[in-house]
Q: 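Before I ask anything, here is the structure I am working with.
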Amino acid sequence: MISDVLTEWLKERFAAILPGMAAEVRERVQSAPATNMEFGDYQCNDAMTFAKQVKRPPRALAEEVAAGDARPDFIAELSVAGPGFLNIRLADSWLCAQLEALAADSRLGIPDRGNGRTVLLDYSSPNVAKPMHIGHIRSTIIGNALDRIHRALGYRVLADNHLGDWGTQFGILILGYRNFVDPAALRENPIAELERVYVKSYDCSRQDPAWLDRCREELVKLQAGDPDNRALWEQFVAYSMAEFDRVYRRLGVQFDLVRGESYYRDDLAGVVAELEAKGLARESEGATVVFLEEEKLPVCIVRKRDGAFNYATTDLATLASRVREFNPDQIIYVTDERQQLHFRQFFAVARRLGCTARVTHVWFGLMRLPEGTFSTRQGNVIKLERLLDEAETRALEVVKRGGSEAPPEVQQEIARVVGIGAVKYADLSQNPQTTVTFSWDKALALEGNSAPYLLYAYARIASVRDKYAERFPAGDLSRWPIRLTEPLERELAVRVLQFPEAVVRAADLCRPSAIADYLYDLAQTYSRFYQNVPFLKAEEGVRESRVRLCGLVADVLRRGLELLGIETLERI
RNA sequence: GCGCCUGUAGCUCAAUUGGAUAGAGCGUCAGCCUCCGAAGCUGAAGGUUGUGAGUUCGAUCCUCGCCAGGCGCACCA
């Protein structure tokens with residue numbers, strides 16, 4: 001990566017002029033893309049940071065760094081500006097060589113950061129017997145993007161869908177099912193019917209304590225292995241999986257493991273026993289809890305007063321099982337913001353149990369409606385499948401409005417890719433940690449910073465290649481080197497080479513939006529280039545170089561979108 | 001009450017975690033298709049970064065106090 005090459009060189013330079021603090025220099029010196037094109041391509045601000053410590057003027061330090069006579073071949077210009085900024089302009093010849101290397105590299109320069117190390121990703125994790133609604137989309141899409149990004153960086157990724165298939169809701173559901181289910185409706189739409197039954201039974205439990213007691217009994221029977229309740233439970237899980245699989249297929253999401261909470265049900269007692277044996281958990285107010293005073297956190301309950309286990313227990317059992325079986329270096333959980341406290345508690349307990357795997361909670365803001373939060377009981381949920389349908393419908397309207405000549409099934413396919421891509425991109429292109437207020441127009445945006453803008457840029461490049469082949473049938477792109485003659489194409493070249501940095505950043509921050517931001521910037525730069533720099537009309541040599549550069553942009557766009565789980569089309 | 005998060009152009013969001021003149025899209029206004037795909041491009045207007053202090057060469061970013069909103073806080077997950 002460009003920044004690595006520059007950083008390494010800068011570290012040596014700083015270490016040479018600050019021999020007393022070489023170790024710290026090697027730790028901290030960084031280079032970053034220039035904030036303003038006029039300054040150069042990259043910059044380094046560390047003369048200012050070190051000046052304080054050595055009590056010397058920052059500008060003098062910077063000048064000393066810049067003064068060395070052995071200027072490496074990748075730097076064309078190195079200058080000092082303002083209080084001590086080091087501005088670097090890269091050499092065109094070196095940029096061209098880097099582009100040639102990128103063109104020959106199937107990884108497009110993405111480094112092998114993982115080196116085979118294992119990352120386990122826990123995401124999506126919907127509850128059985130409830131429909132997937134738009135609140136589930138963020139975990140699924142962000143988690144899947146993190147999955148793809150880590151795989152690209154050479155990690156061994158295990159994506160695990162930790163279904164909510166063993167909670168207290170099953171007592172309510174089983175009793176409701178026995179009393180209210182409509183077999184015809186169940187055949188027609190199982191999940192909708194189960195949802196109706198659940199809501200009705202839930203209402204009963206709120207009004208009638210006796211009903212609630214009977215729900216608890218059903219739950220106890222299920223957990224004790226009662227054959228009838230077990231059969232019902234299996235049926236519910238099967239219905240839900242069918243629906244989930246349908247949605248996942250549409251979203252292009254695949255898991256390596258689908259292990260719901262039920263998978264760990266026999267481990268729960270052992271977790272509590274271990275905590276007690278190690279003196280970490282003790283009885284309090286009838287429950288078994290772990291006190292977390294050092295961390296200044298509330299107590300973590302691992303067994304309720306009624307003897308039942310809860311979420312924290314399940315998570316601890318799950319973690320232990322994962323460590324035993326896969327020994328992951330890192331486990332990433334993707335959930336909404338409401339679970340922050342829970343994860344802080346859970347991680348604290350895990351550490352006390354000696355867990356050394358790096359555990360990360362990636363949380364995202366809740367999805368809301370303009371009128372407030374939505375809930376199953378208020379009946380104002382928007383189902384995920386309906387969102388996807390609507391996305392495809394709107395995209396199809398745009399395709400038709402554009403006067404597409406393509407046959408209907410091709411238009412349908414374009415609408416599918418554009419619509420689903422728009423939904424995903426709307427979520428992935430912004431910082432996950434903000435609350436989002438759902439609106440159809442935003443989720444399905446088809447212009448501006450959106451998937452269709454990127455897909456359009458991509459399709460235009462595919463067209464460029466076709467046009468080139470058509471007009472210059474004897475042309476052979478591979479015979480011509482890449483050259484940089486126009487400022488805009490040079491700018492585009494630098495952007496293309498920054499792709500690996502965007503991927504690394506997205507992984508480091510667990511923020512796929514870093515890639516989305518980068519791709520949008522790349523597509524914008526490309527569009528300006530496309531509009532303002534002639535290439536098929538350029539002279540031979542320049543023409544081939546520019547068509548090849550276009551091809552590299554296309555490769556990066558395709559790969560980048562793929563990392564976000566968004567498909568591309570050659571025609572749109 | 002305590003904790004976490006958010007507040008940036010009329011609206012939706014960026015700003016590479018302390019860097020230079022805070023950038024995009026939508027919307028508004030003015031231009032660009034006999035031309036490599038106009039789902040595009042060029043330009044204009046639009047800002048006391050919620051607010052008040054502090055830290056330093058330098059603050060949207062760090063510290064403290066306020067204001068507004070969201071989400072949590074012992075037996076749901």
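Model, not experiment: these values are computed from the prediction.
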Q: Could a donor-acceptor pair under 3.5 angstrom be found where the side chain of A/S284 meets the base of B/A74?
A: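 Yes, the side chain and the base share a sub-3.5 Å donor-acceptor pair.
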
Q: Give A/Y518 one of three labels, base, sugar-phosphate or nothing, depending on what nucleic acid heavy atoms sit under 4.0 Å from its own.
A: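 Here A/Y518 touches no strand at all.
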
Q: With sugar-phosphate meaning primed atoms plus P, OP1 and OP2, does A/N431 contact a base, only sugar-phosphate, or nothing at under 4.0 Å between heavy atoms?
A: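 Sugar-phosphate only.
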
Q: Using a heavy-atom cut-off of 4.0 Å across all strands, would you classify A/T434 as base, sugar-phosphate, or nothing?
A: nothing

Q: May I ask you to check if A/R460 and A/Y530 form a cation-pi contact, with NZ or CZ under 6.0 angstrom from the six-membered ring centre and within 45° of the axis?
A: yes

Q: For A/P57, which contact category applies under a 4.0 Å heavy-atom criterion: base, sugar-phosphate, or nothing?
A: nothing

Q: Name the orientation class of the two ring planes belonging to A/F346 and A/Y333 (parallel below 30°, tilted from 30 to 60°, perpendicular beyond 60°).
A: perpendicular

Q: B/A77 phosphate, OP1 or OP2: any side-chain N/O from A/Y311 under 4.0 angstrom?
A: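 No, outside the criterion.
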
Q: Using a heavy-atom cut-off of under 4.0 Å over every strand shown, decide if A/Q169 touches base, sugar-phosphate, or nothing.
A: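 No contact at all - A/Q169 keeps every heavy atom at 4.0 Å or more from the nucleic acid.
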
Q: Can you see if the side chain of A/T435 gets near the phosphate of B/G70 - specifically, an N or O under 4.0 Å from OP1 or OP2?
A: no

Q: Given B/A14, B/G37, B/A20, identify the nucleotide with an atom nearest to the side chain of A/S463.
A: B/G37

Q: With side chain to side chain contact (heavy atoms under 4.5 Å, CB included) as the test, would you mind laying out the steps for A/I88 and A/Q43 before giving the verdict?
A: CA-CA 6 Å; A/I88 299 164; A/Q43 63 177 267; over 6 Å; no

Q: OP1 or OP2 of B/G37 less than 4.0 angstrom from a side-chain nitrogen or oxygen of A/Y456, does that happen here?
A: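 For B/G37, OP1/OP2 do not have a side-chain N/O of A/Y456 under 4.0 Å.
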
Q: Please report the distance separating the C1' of B/A59 from the corresponding atom of B/U63, rounded so that it comes out in whole Å.
A: 12 Å

Q: So what does A/A502 hit on the nucleic acid, given a heavy-atom distance under 4.0 Å: a base, only sugar-phosphate, or nothing?
A: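 The answer is nothing, as A/A502 stays clear of every strand by at least 4.0 Å.
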
Q: What interatomic distance, in whole Å, is found between C1' of B/C29 and the corresponding atom of B/G69?
A: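 It comes out at 34 Å once rounded to the nearest Å.
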
Q: Give one of base, sugar-phosphate or nothing for A/E285, where a contact means two heavy atoms less than 4.0 Å apart.
A: base

Q: For the residue pair A/H342 and A/Y311, does the interplanar ring angle fall in the parallel (under 30°), tilted (30 to 60°) or perpendicular (over 60°) class?
A: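 Ring orientation of A/H342 relative to A/Y311: parallel.
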
Q: With a cut-off of less than 4.0 Å, is there a side-chain N or O of A/K304 near OP1 or OP2 of B/C76?
A: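 Answer yes for this pair, as a side-chain N or O of A/K304 is under 4.0 Å from OP1 or OP2.
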
Q: If each of A/N87 and A/F535 is mapped to the nucleotide of RNA chain B with the nearest heavy atom, which maps nearer the 5' terminus, i.e. the 5' end?
A: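 Nearest-nucleotide comparison on RNA chain B picks A/N87.
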
Q: Indicate whether OP1 or OP2 belonging to B/C41 is found under 4.0 Å from a side-chain N or O atom of A/Y453.
A: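 So the side-chain polar atoms of A/Y453 do come within 4.0 Å of the phosphate oxygens OP1 or OP2 of B/C41, strictly under.
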
Q: For A/T393 and A/E397, does a side-chain donor sit closer than 3.5 Å to a side-chain acceptor?
A: no

Q: On the nucleotide B/C36, are OP1 or OP2 found under 4.0 Å from the side-chain N or O atoms that A/R471 carries?
A: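 The answer is yes; a side-chain N or O of A/R471 sits under 4.0 Å from OP1 or OP2.
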
Q: Taking any heavy-atom pair under 4.0 Å as a contact, classify A/V547: base, sugar-phosphate, or nothing.
A: nothing

Q: So how far is it from A/L522 CG to A/Q524 CD, rounded to the nearest 0.5 Å?
A: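 Going from the CG atom of A/L522 to the CD atom of A/Q524 covers 10.0 Å.
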
Q: Applying a 4.0 Å non-hydrogen cut-off, can you work out what A/L455 is touching in the nucleic acid: base, sugar-phosphate, or nothing?
A: nothing

Q: What does A/I301 touch in the nucleic acid at a heavy-atom separation under 4.0 angstrom: a base, only the sugar-phosphate, or nothing?
A: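 The answer is base, as A/I301 lies within the cut-off (heavy atoms under 4.0 Å) of a base atom.
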
Q: Taking the nucleotide of RNA chain B with the nearest heavy atom to each, does A/P432 or A/E570 sit closer to the 5' end?
A: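 Going by which nucleotide is closer to the 5' end, it is A/P432.
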
Q: Do A/Y520 and A/Y453 have their ring centres less than 6.0 Å from each other?
A: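 Yes, the ring centres sit under 6.0 Å apart.
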
Q: Base, sugar-phosphate or nothing for A/A287? Non-hydrogen atoms, less than 4.0 Å.
A: base

Q: Between B/G3 and A/K296, is there an OP1 or OP2 to side-chain N/O distance shorter than 4.0 Å?
A: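 The answer is no; no side-chain N or O of A/K296 sits under 4.0 Å from OP1 or OP2.
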
Q: If you look at every strand shown and take non-hydrogen atoms under 4.0 Å, does A/N45 touch a base, only sugar-phosphate, or nothing?
A: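 The answer is base, as A/N45 lies within the cut-off (heavy atoms under 4.0 Å) of a base atom.
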
Q: Heavy atoms only, 4.0 Å cut-off, all strands: where does A/V436 land among base, sugar-phosphate and nothing?
A: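 No contact.
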
Q: Does A/R338 put a side-chain nitrogen or oxygen below 4.0 Å from OP1 or OP2 of B/G70?
A: no

Q: Look at A/Q430 and B/C13 and indicate whether a side-chain polar atom (N or O) is within less than 4.0 Å of OP1 or OP2.
A: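 Answer is yes, contact under 4.0 Å.
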
Q: Given B/A77, B/A74, B/C71, which nucleotide is nearest the side-chain atoms of A/V289?
A: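 Of all the options, the side chain of A/V289 is nearest to B/A74.
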
